[in-house]
Amino acid sequence: LVSYSQDYYRDTVLESVILNEVNNHRNNIGVQSIVFNPDNTRAVDWGVYLVKSTYNGGALNHCGCQAGAEILVSFPVGDINGVTLTYDEIAKKSVSLWYGSPSHKRVMEDNELSRGFISTHIFKDPNRSNKYTVVVVFQLLMNKQYYIDDEWDENELFPKKFGKLTYKI
């Protein structure tokens with residue numbers, strides 16, 4: 001657990017459980033497992049941004065700030081007193097919700113995407129009567145060599161050959 005304030009916190013244990021659930025699904029359909037990507041520098045910041053924007057009535061939206069694909073999900077995981085779902089229940093519901101969306105399902109099952117990083121944040125959502133809610137940011141990338149060949153910093157939206165284009169969160 002990484003606590004930022006009393007209002008929200010990042011749950012690194014939950015991140016591992018969700019990655020395992022995604023990999024169980026991928027393996028069941030004959031797709032390679034996603035390998036944890038320790039080089040990701042965007043998912044955690046984007047998760048914090050989404051939590052903070054929720055306090056101001058913001059919607060869940062994609063970062064569009066990195067070289068691969070991204071899938072998101074947010075749903076209540078408890079009541080106003082605390083989290084009531086287990087890690088396994090949250091992981092299974094995340095995968096189920098992604099599976100129910102054709103575009104998210106395509107990303108989750110894409111065999112070309114082999115590395116990923118998941119960021120989870122738990123917070124009291126004022127738009128859901130202050131129920132504890134999770135925001136899951138799952139950013140996926142192709143193999144490392146794909147980006148090396150194009151001189152592409154995988155934490156940037158565009159390869160270097162397109163010039164210096166930056167995106168700030």
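In this structure, Val107 and Leu113 have side chains that are in contact, with non-hydrogen atoms separated by less than 4.5 Å.
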Apply side-chain contact (heavy atoms from CB on, under 4.5 Å) to residues Leu140 and Arg115 and explain how you reach the verdict.
CA-CA 6 Å; Leu140 299 101; Arg115 297 178 301 131; over 6 Å; no

Begin with the C-alpha distance, continue with both residues' side-chain angles, and end with the deciding distance and a verdict on side-chain contact (heavy atoms from CB on, under 4.5 Å) for Asn20 and Val22.
CA-CA 5 Å; Asn20 288 339; Val22 168; over 6 Å; no

Are Leu19 and Phe117 close enough, and set up right, to give a side-chain contact (heavy atoms from CB on, under 4.5 Å), and what steps lead you there?
CA-CA 8 Å; Leu19 182 60; Phe117 188 95; over 6 Å; no

Steps toward side-chain contact (heavy atoms from CB on, under 4.5 Å) verdict (Thr84, Asp79):
CA-CA 7 Å; Thr84 57; Asp79 55 28; 3.9 Å; yes

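If you take CE on Met108 and NE2 on His25, they are separated by 4.0 Å, rounding to the nearest 0.5 Å. Interatomic distance, NZ of Lys124 versus CD1 of Ile122, reported as 13.5 Å (0.5 Å rounding). Taken from CD1 in Ile34 to CD1 in Ile18, the straight-line distance is 14.0 Å, to the nearest 0.5 Å. The distance from the OG1 atom of Thr133 to the CG atom of Asn127 is 9.0 Å, given to the nearest 0.5 Å. Annotation: the span from Ile118 atom CD1 to Thr12 atom OG1 amounts to 12.0 Å, rounded to 0.5 Å. Between Phe75 atom CZ and Ser94 atom OG the span is 3.5 Å, to the nearest 0.5 Å.
Residues Ile80 and Val83 do not share a hydrophobic cluster, clusters being chains of Ile/Leu/Val/Met/Phe/Trp/Tyr side chains in contact below 4.5 Å. Placement of Phe138 and Leu97 within a single hydrophobic cluster is found when ILVMFWY residues are connected by side-chain heavy-atom separations under 4.5 Å, directly or transitively. Both Leu85 and Tyr99 are part of a single hydrophobic cluster, where members link through side-chain heavy atoms under 4.5 Å apart. With hydrophobic clusters built from ILVMFWY side chains whose heavy atoms lie under 4.5 angstrom apart, Phe36 does not share a cluster with Val31.
Between the side chains of Ser74 and Arg128, at least one donor-acceptor pair of N or O atoms lies under 3.5 Å. Between the side chains of Asn27 and Ser33, a donor-acceptor pair is found at a separation under 3.5 Å.
In terms of modelled atom types and a separation under 3.5 Å, the side chain of Asp88 and the main chain of Ala91 share no donor-acceptor contact. With Gln139 contributing its side chain and Ala43 its backbone, the two residues share a donor-acceptor pair below 3.5 Å. Remark: the backbone N or O of Leu50 is paired with a side-chain donor or acceptor of Ser53 at under 3.5 angstrom. Without hydrogens or angle criteria, Asp125 side chain to Tyr132 main chain gives no donor-acceptor distance under 3.5 Å. Between the side chain of Ser119 and the backbone N or O of Gly47 there is no donor-acceptor pair closer than 3.5 Å. Without hydrogens or angle criteria, Asn28 side chain to Arg26 main chain gives no donor-acceptor distance under 3.5 Å.
Note on Glu89 versus Lys93: no salt bridge recorded, every NZ/NE/NH1/NH2 to OD/OE distance being 4.0 Å or above. The existence of a salt bridge linking Glu21 and Lys92 is confirmed by a sub-4.0 Å separation between a basic side-chain nitrogen and an acidic carboxylate oxygen. A salt bridge links Arg10 with Glu15: the closest approach of a Lys/Arg side-chain nitrogen to an acidic carboxylate oxygen falls below 4.0 angstrom.
For CD1 of Ile29, the number of neighbouring non-hydrogen atoms (other residues, nucleotides, ligands) closer than 6.0 Å is greater than 12. Residue-environment remark: CD (Gln32) exceeds the threshold of 12 foreign heavy atoms within 6.0 Å.
Between Gly68 and Leu141, the shortest heavy-atom contact is N-CD2, 3.4 Å. In terms of heavy-atom proximity, Tyr49 sits nearest to Asn61 at CE2-OD1, 4.3 Å.
Taking the six-membered ring where tryptophan is involved, the planes of Tyr8 and His121 are tilted, since the angle between them lies from 30° to 60°.
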